[in-house]
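Inspection log for the structure reproduced underneath, given as structure tokens.
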Amino acid sequence: MSSQNLLEIKHVKKLFSVPKGMLHAVDDVSFSLKQGETLGIVGESGCGKSTLGRVILRLHEPTAGKILFKGMDITTFSKEEMRQMRQHMQIIFQDPYASLNPRMTVSQIIEEPLTFFRIYKSDKERRAKVAELMELIGLPQSASNSYPHEFDGGRRQRIVIARALAINPSFIVCDEPVSALDVSVQAQILNLMVKLQKQLGLTYMFISHDLSVVKHISDHVGVMYLGQLIEKATKSTFFKRPLHPYSMALLSAIPSVNVLDKKDKIILKGEISSPINPQQGCRFAPRCSFAQGICLEKDPEWKEVEAEHFVACHRVEELAQGMIHYH
Amino acid sequence: MGETVENILEIKNLHVHYVTEDSVVKAVNGVNLKLQKGDSLGIVGETGAGKTTTALSVIQLIPDPPGIIVDGEILFKGKNLIHNTEKENKQLRGNGISMIFQDSMTALNPIMRVGDQLTEAVMTHKKGSRAEAKRQVIELLETVGVKADRYSDYPHQFSGGMKQRVLITMALLCNPELLIADEPTTALDVTIQAQVLELMKQLREQYSMSMILISHDLGVVAQTCNRVAIMYAGEIVEIGTVEEVYTNPKHPYTIGLFESIPKLEEDQEMLYQIEGSMANPAALPTGCFFHPRCKYKMDICETTSPEMQGEVHLSKCHFQVRDEVKA
């Protein structure tokens, strides 16, 4: 039922030209996302997750591929059409210190998108909307004339969220929105985001390197490695039964707070290789314990192994049947 | 007194303030702790809790001005470091106490070959020829997993994980008895973090070092340390063995901290949140510093600062909250 999909991206690529060659930041990524759901995208630094978020909003122009938003291919949109489209798609960045103009007051910041898209005719309506938004994200009205530097990280992130919500978007790319925050504040912001999603029917693409955060907020989880999506599944499937060797290692590497749980960690050898002129074959093969000849020669196919569970790995059948495993 | 185990480090009633023109920031307010030989202690707390300031006082690197150690003693093998001359301090750093800093990207000199930086550190602290020093450096680099042929590379040619290995090498070169690691893996990806933590654990056993690991990540501490101290607003609010504190936390702040982390093993709709934000160290509340955010607050908490209670597992609270909750 592709008609329900709010967002569908097909074979999206983003290549950057750098002195050493072509940097494959996003390399042939396809997925779809339904209205009201959250897709968590995880991966390590440099895997292309932020670039993917930006390409979807066309903040970076995709090199190839289609981006269908509400059924329309926005890659064909003109600048003006895209500008109108951005009312429906917003982004929240990681660093609330850098994404707010230090010379604007809180109410000016939240009001700016309303003015830009000329949503309200009168000043009075617009101010009422600002007040409503501040209420929604839990900032007191007394804060409206304060400047960003007067707030801590958590409250600043609330302002960023209010600004993104001002024009009633249906889709928000959240790029590491809680990574710069302490755990107690992180919990406040995550709870707020869950509450807002329910209240307003928002669809999130939630980018993070922190799997426990992603698990908390997502309905679906996608793992990226060197520009490619290597596994995607519903949250419960992914955390119960990850099938890609990299996903397994990633899950195992998270330091657990459960001191009684002394399971052996999967320690990967080596480091992520360069995304510039990547070699043929599976990108993870040089670090993979299960790599065989074929893994170095041929790109693995993106297959639906079981319902809603996609994996790109040559040996996925053997892994799924437990014929090969770690330890 | 018949002490069977030697205290390698003892901090008594440490107070550190940063004095600026318009405020006095009370960063550390009466920290007491003991570290036995071979111990590894984790210090956990959120931004501004005073973790790094405590560590910097031990290694006598509090930036002065504006930092002043106003009160207290820091006994390293029985000797009070606060009265040390700069010459004695230089002797101590590297030989007696070493520190690994948080940001591996800035802790190395960018225009000096990595091997030369390391050799220089050995030459400063030990007698002997340059060739001998170089041999030592190469040997240790191999131990931490950096190949000898990288001796002549510059820091920018190293990845984050590799740079962190170089810093670990630098800290270990002079066989320190105490290693202080300030968020050594915070800037690293999880799979690389797992590699580095594993390495540090091995090396600590191999060289029978004592260690203080500063982190905001409860999971990292659980994997690496045998004891843990939780800091809030410049005080240790709870201290004990990792197993005790993690399975039976006593202080309301510790309890809240554990509850507010999203957990991989559990599914929760909403995260527990500690209301409010971190106490302002320039205007600390009266009584117990945590009382404005504490949900078990009583009248006494507003007026009187609690004493540390308990013997092996101590907590700084007027009440045994856990027991009351259970009852």
Side-chain angles (χ1 to χ4, degrees), chain A residues 42-47 151-155 178-195 198 208-217 225 235-236 239 246 249-262 265-274 287, chain B residues 44-49 145 159-162 185 187-195 197-199 215-225 228 232 241-247 253 256-278 280 293:
Chain A
V42 291
E44 301 181 273
S45 37
C47 71
F151 298 97
D152 60 17
R155 293 208 187 90
V178 294
S179 309
L181 308 175
D182 278 317
V183 280
S184 70
V185 183
Q186 170 180 300
Q188 295 172 1
I189 298 296
L190 287 175
N191 283 346
L192 174 69
M193 292 182 69
V194 171
K195 190 189 95 184
K198 284 210 186 113
S208 178
H209 66 280
D210 187 333
L211 273 163
S212 38
V213 168
V214 163
K215 179 178 180 224
H216 179 73
I217 200 155
Y225 191 82
K235 172 170 76 177
S236 56
F239 284 93
Y246 177 68
L250 202 60
L251 274 170
S252 152
I254 308 165
S256 165
V257 290
N258 189 347
V259 282
L260 303 173
D261 170 29
K262 292 253 157 49
K265 289 210 164 304
I266 303 165
I267 306 247
L268 284 180
K269 38 182 196 207
E271 294 182 18
I272 197 162
S273 40
S274 164
R287 296 174 80 186
Chain B
V44 178
E46 298 181 274
T47 316
S159 65
M162 279 301 185
T185 56
L188 305 177
D189 283 317
V190 276
T191 61
I192 307 298
Q193 167 171 285
Q195 291 173 355
L197 289 179
E198 187 63 30
L199 172 73
S215 183
H216 68 278
D217 187 328
L218 285 159
V220 168
V221 168
Q223 309 262 307
T224 328
C225 302
V228 61
Y232 184 81
T241 65
V242 166
E243 219 172 293
E244 262 291 313
V245 175
Y246 279 56
T247 50
Y253 177 65
L257 209 53
F258 277 105
E259 300 269 306
S260 60
I261 340 173
K263 286 167 206 71
L264 281 174
E265 302 86 23
E266 295 162 29
D267 283 312
Q268 313 123 292
E269 176 89 2
M270 283 286 170
L271 293 168
Y272 173 83
Q273 53 187 66
I274 305 176
E275 295 303 330
S277 42
M278 194 79 184
N280 176 2
R293 302 176 74 184

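Heavy atoms only: backbone and side chains are in, while hydrogens, waters and symmetry mates are out. A note on names: the letters A, B, ... follow the listed sequences, proteins ahead of strands, and every chain is numbered from 1.
Here the closest heavy-atom approach between residue A:S208 and residue A:V214 is recorded as CB-CG2, 3.7 Å. Taking all atoms of both residues into account, the shortest heavy-atom contact from B:V220 to B:S215 is CB-OG, 4.1 Å. The two residues B:Q223 and A:P255 come nearest to each other via the heavy atoms CG-CB, 3.7 Å. Between A:H209 and A:S179, the closest heavy-atom pair is CE1-OG, 3.9 Å.
Options A:D210, A:L251, A:I254 differ in how many heavy-atom pairs under 4.5 Å they form with chain B, and the most are formed by A:I254. For the set B:A222, B:S260, B:G276, B:G145, the entry with the most heavy-atom pairs within less than 4.5 Å of chain A is B:S260. Note on A:Q188, A:K235, A:K269, A:Q186: by heavy-atom pairs under 4.5 Å with chain B, the leading option is A:Q188. Contacts with chain A were tallied for B:L257, B:I274, B:D217; B:I274 has the most, counting heavy-atom pairs under 4.5 Å. Counting heavy-atom pairs closer than 4.5 Å to chain B, the top residue among A:N191, A:V257, A:I267 is A:N191.
Using a 4.5 Å cut-off between heavy atoms, B:E198 contacts chain A through its side chain alone, with no backbone atom that close. Interface remark: B:M162 contributes backbone and side-chain atoms alike to the contact with chain A (heavy atom separation under 4.5 Å). For a residue to count as touching a neighbouring chain, one of its non-hydrogen atoms must lie under 4.5 Å from one of that chain's; by this rule B:I261 touches chain A with the side chain only. Contacts of A:D152 with chain B are made by side-chain atoms alone, with heavy-atom separations under 4.5 Å and no backbone atom involved. A:L190 touches chain B through its side chain: at least one heavy atom from C-beta onward sits under 4.5 Å away, while N, CA, C and O do not.
Proximity of the aromatic rings of B:F258 and B:Y272 is defined here by a centroid distance below 6.0 angstrom, and this criterion is not met.
Using a 4.5 Å heavy-atom threshold, the side chains of B:E46 and A:S184 count as touching.
Between the side chain of B:T191 and the backbone N or O of A:L268, no donor-acceptor pair lies under 3.5 Å.
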